[in-house]
Peer 1: 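Could you have a look at this structure, given as structure tokens, before my questions?
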Amino acid sequence: MDLRSLRYFVAVAEERHFGRAAARLHMTQPPLSRAVKRLEADLGAVLLHRTPTGVTLTDAGAILYDEARALLEQAERLRARVSTATLTIGTLADSVEQAGDRLVAGFRARHPAIRIHIREADFTDPTAGLRAGLVDVALTRTPFDETGIAVRVLRTDPVGVVLRADDPLAGRDSLRLRDLDGRRWFRLPEGTDPVWRTYWVRGDGPVVRTAQECMQAVLWNGTVGLTPLAHELPDGLTSVPLTDLPPSRLVLAWRRGDANPLVRSLVALPDFLQRKAPGRVKDAQAATTSS
């Protein structure tokens, strides 16, 4: 007994006629009749009195009709709930754009009815709302405190120093941190993840919370800061590679042990895309999972 056979039976019970029920179901009468006979055999009960002019319900058929209607209505409610399911994705700066449109297209192809909510975080929370329970999954950058969090690496980007285009160091092919001794750096607010702050902050200067504030601090005040070299910079700014700082990883992050099937589907997608297009997937490079 399955929902389709119950749906067939309900149509016959309501139409009181196999021909009219078949037309309602957009099928021919013989397979409908066979399906109802199989249902009767499965249940071991006669459900319909058949006459030349139509059908009527037996006592067993009347009981099944009431229960089948309730089951089908419940199934429709469940389908409606699933079709409006949501996934909330936290982002940091331009992490969504950096992840690549193939990740977005791949998830939409798998789950076309799922509603996606995007929540952008500032630099005080590198988990983009994940640790606070505000999002289901985050597109962000490491390093940060990964306690209780699993990550999958999408790509690894070298880091550079952001400078004004007229800065004396702007023409260099590369720099080391010691070349920036004595320079004024931007800072992150108090309470920011200490692992995150230790990586990105190298001195004292104005407090910033967003990527845009970082760029403007450099442009207006000559402050220096760090950025993944993949980030696009506004006119008047440039970045010079740093040779003595580990690269930054663009990652998908989720709560360790999360059983949400939509989260699992998203975090498994980069591996699928890589297998599907070997050698082309820049936005889903060698995956590393902590789970």
Side-chain angles (χ1 to χ4, degrees), residues 1-89 102-118 130 133-137 150 152 252 254-276 289 291:
M1 183 171 56
D2 57 28
L3 290 178
R4 183 172 62 175
S5 62
L6 290 179
R7 191 172 290 109
Y8 288 172
F9 167 73
V10 166
V12 175
E14 291 179 345
E15 296 294 338
R16 295 291 198 269
H17 193 277
F18 274 95
R20 289 194 296 271
R24 168 175 156 179
L25 294 166
H26 304 289
M27 62 188 300
T28 59
Q29 184 172 330
L32 175 60
S33 180
R34 290 194 295 270
V36 173
K37 286 181 179 178
R38 283 196 300 270
L39 181 60
E40 290 178 317
D42 288 343
L43 295 175
V46 176
L47 303 173
L48 300 168
H49 292 303
R50 294 162 174 82
T51 69
T53 57
V55 298
T56 58
L57 291 171
T58 65
D59 290 343
I63 294 172
L64 180 63
Y65 173 72
D66 290 338
E67 297 294 337
R69 280 285 304 272
L71 282 172
L72 291 173
E73 289 172 1
Q74 184 178 3
E76 286 302 317
R77 288 195 297 270
L78 179 60
R79 181 178 290 107
R81 287 183 62 188
V82 170
S83 67
T84 57
T86 63
L87 185 72
T88 302
I89 301 175
R102 295 184 70 241
L103 185 68
V104 176
F107 187 81
R108 298 306 318 174
R110 286 186 173 187
H111 307 284
I114 299 301
R115 294 180 181 176
I116 305 298
H117 292 168
I118 302 297
L130 185 65
L134 300 175
V135 301
D136 300 304
V137 65
R152 182 177 298 276
L252 277 169
W254 68 101
R255 285 177 290 276
R256 195 185 302 275
D258 193 335
N260 185 332
L262 293 176
V263 171
R264 291 293 177 182
S265 178
L266 179 60
V267 300
L269 192 56
D271 282 346
F272 170 77
L273 293 174
Q274 188 176 39
R275 290 193 301 270
K276 189 175 181 181
T289 306
S291 57

Peer 1: Mind checking whether L87 and H111 have side chains closer than 4.5 Å, heavy atoms only?
Peer 2: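 A side-chain contact under 4.5 Å is absent here.
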Peer 1: Going by the salt bridge (Lys or Arg N to Asp or Glu O under 4.0 Å) test, name the single residue among R20, R24, R7 that passes it with E14.
Peer 2: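 Of R20, R24, R7, salt bridge (Lys or Arg N to Asp or Glu O under 4.0 Å) with E14 is met by R24 alone.
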Peer 1: If you measure from CD on E40 to CZ on F9, what distance do you get to the nearest 0.5 Å?
Peer 2: 8.0 Å
Peer 1: Got a donor-acceptor contact below 3.5 angstrom from the R108 side chain to the I114 backbone?
Peer 2: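 Judged by distance alone, yes, a pair lies under 3.5 Å.
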Peer 1: Please evaluate residues F18 and V36 with respect to the criterion side chain to side chain contact (heavy atoms under 4.5 Å, CB included), reporting the C-alpha separation (whole Å), side-chain torsions for both, the decisive distance (0.1 Å), and the verdict.
Peer 2: CA-CA 10 Å; F18 274 95; V36 173; 4.0 Å; yes
Peer 1: A side-chain contact here means heavy atoms from C-beta on lying under 4.5 Å apart; do L39 and Y8 qualify?
Peer 2: no
Peer 1: Spell out, as yes or no, whether a donor-acceptor pair under 3.5 Å connects the side chain of R69 to the backbone of V10.
Peer 2: no
Peer 1: If I take atom OG1 from residue T53 and atom CZ from residue R16, how far apart are they, to the nearest 0.5 angstrom?
Peer 2: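 Atom-to-atom, T53:OG1 and R16:CZ are 12.0 Å apart.
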Peer 1: Minimum heavy-atom separation for L57 and L48, please, with both atom names.
Peer 2: CD2-CD2, 3.6 Å
Peer 1: Within the structure provided, determine whether T51 and T56 are in side-chain contact (heavy-atom separation under 4.5 Å).
Peer 2: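 Sidechains of T56 and T51: no contact.
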Peer 1: What pair of heavy atoms forms the shortest contact from G133 to R255, and how long is it?
Peer 2: CA-NH1, 3.8 Å
Peer 1: Grab the two heavy atoms, one from G19 and one from H17, that are nearest each other, plus how far apart they are.
Peer 2: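 For G19 and H17, the tightest heavy-atom pair comes out as N-ND1, 2.9 Å.
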Peer 1: Where is the tightest heavy-atom contact between V46 and A60, given as atom of each residue plus distance?
Peer 2: O-CB, 3.8 Å
Peer 1: Could you check whether any side-chain heavy atom of I89 comes within less than 4.5 Å of a side-chain heavy atom of F107, counting everything from C-beta outward?
Peer 2: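 They are not in contact (no side-chain heavy atoms under 4.5 Å apart), so the answer is no.
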Peer 1: For a side chain to side chain contact (heavy atoms under 4.5 Å, CB included) with T88, tell me which candidate from V137, D136, L262 qualifies.
Peer 2: D136
Peer 1: Would a 4.5 Å heavy-atom cut-off, applied to side chains only, mark Y65 and V12 as touching?
Peer 2: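 In short, these two side chains do not touch, never coming nearer than 4.5 Å.
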Peer 1: Atom CD of residue position Q74 - does it have more than 12 heavy atoms of other residues, nucleotides or ligands inside 6.0 Å?
Peer 2: no
Peer 1: How close do G106 and L269 get, counting heavy atoms only, and between which atoms?
Peer 2: C-CD2, 3.5 Å
Peer 1: Are more than 12 heavy atoms from other residues, nucleotides or ligands located less than 6.0 Å from atom CG of D59?
Peer 2: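 Open: at most 12 neighbouring heavy atoms sit under 6.0 Å from CG of D59.
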Peer 1: Does any N or O in the side chain of T58 come within less than 3.5 Å of the main-chain N or O of L47, such that one atom is a donor and the other an acceptor?
Peer 2: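 Yes.
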Peer 1: Is the side chain of S33 donor-acceptor paired with the backbone N or O of P30 at a distance under 3.5 Å, no angle test?
Peer 2: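 Answer holds: no.
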